[in-house]
Amino acid sequence: ALLQYSSIQRRRDEMDVIDERALVYAALLVVCSTLAVFTGPFVAAITFVWVLASIEVAYWAGGCWVRRSRRQSIGELRV
C-alpha cells in the first residue's frame, strides 16, 4: 500500500510540475506578444525561443540534480 501511495504521489507531483510549466509558458507567451508590438515579431520569437530553451535546460538540470541527490541519500541510508 505504501508503494502504491508513493507512486500516486509521484505522479501527482509530476502533474503539478507540468501545470506550473504550462503557466510559465503562457506568461512567457503574453510577455513576448507584448514585446512583439514594440520590437517586431522576429525579435519576440527569438526571445521566446531563447527563454523557453533556458527554462527547459534549467528543468532538465534540476531533475538530474534531484535524482543524483536522491541516489546519494539512499546510499547514505545503506551504510
Side-chain angles (χ1 to χ4, degrees):
L2 183 60
L3 182 60
Q4 184 180 10
Y5 174 76
S6 175
S7 176
I8 291 171
Q9 184 65 33
R10 186 175 3 176
R11 276 188 257 143
R12 187 175 299 140
D13 291 344
E14 289 170 359
M15 288 302 295
D16 288 344
V17 168
I18 291 170
D19 292 343
E20 289 170 3
R21 286 168 70 192
L23 287 174
V24 168
Y25 294 151
L28 177 61
L29 187 60
V30 169
V31 169
C32 287
S33 296
T34 305
L35 182 67
V37 171
F38 299 106
T39 63
F42 181 75
V43 172
I46 294 298
T47 302
F48 179 79
V49 169
W50 183 258
V51 174
L52 182 86
S54 300
I55 291 169
E56 285 300 313
V57 166
Y59 176 75
W60 176 79
C64 289
W65 182 78
V66 166
R67 284 189 295 275
R68 190 179 86 194
S69 176
R70 285 182 184 159
R71 280 195 305 261
Q72 287 177 349
S73 65
I74 289 172
E76 291 170 0
L77 292 175
R78 290 182 184 166
V79 173

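In the hydrophobic clustering (ILVMFWY side chains linked at under 4.5 Å, chained through shared members), Phe42 is joined by Ile46. Cluster partners of Val37, using a side-chain heavy-atom cutoff of under 4.5 Å among ILVMFWY residues and allowing indirect links, are Phe38.
Taking CG of Leu29 as the start and CG of Leu35 as the end, the distance is 11.5 Å to the nearest 0.5 Å. One finds the CZ atom of Phe48 at 5.0 Å from the CG atom of Leu28 (value rounded to the nearest 0.5 Å).
The heavy-atom pair separating Ala36 from Ala44 by the smallest distance is CB-CB, 3.5 Å.
Under a hydrophobic clustering in which Ile, Leu, Val, Met, Phe, Trp and Tyr are joined whenever their side-chain heavy atoms come within less than 4.5 Å, directly or via other members, Val51 and Val24 fall into the same cluster.
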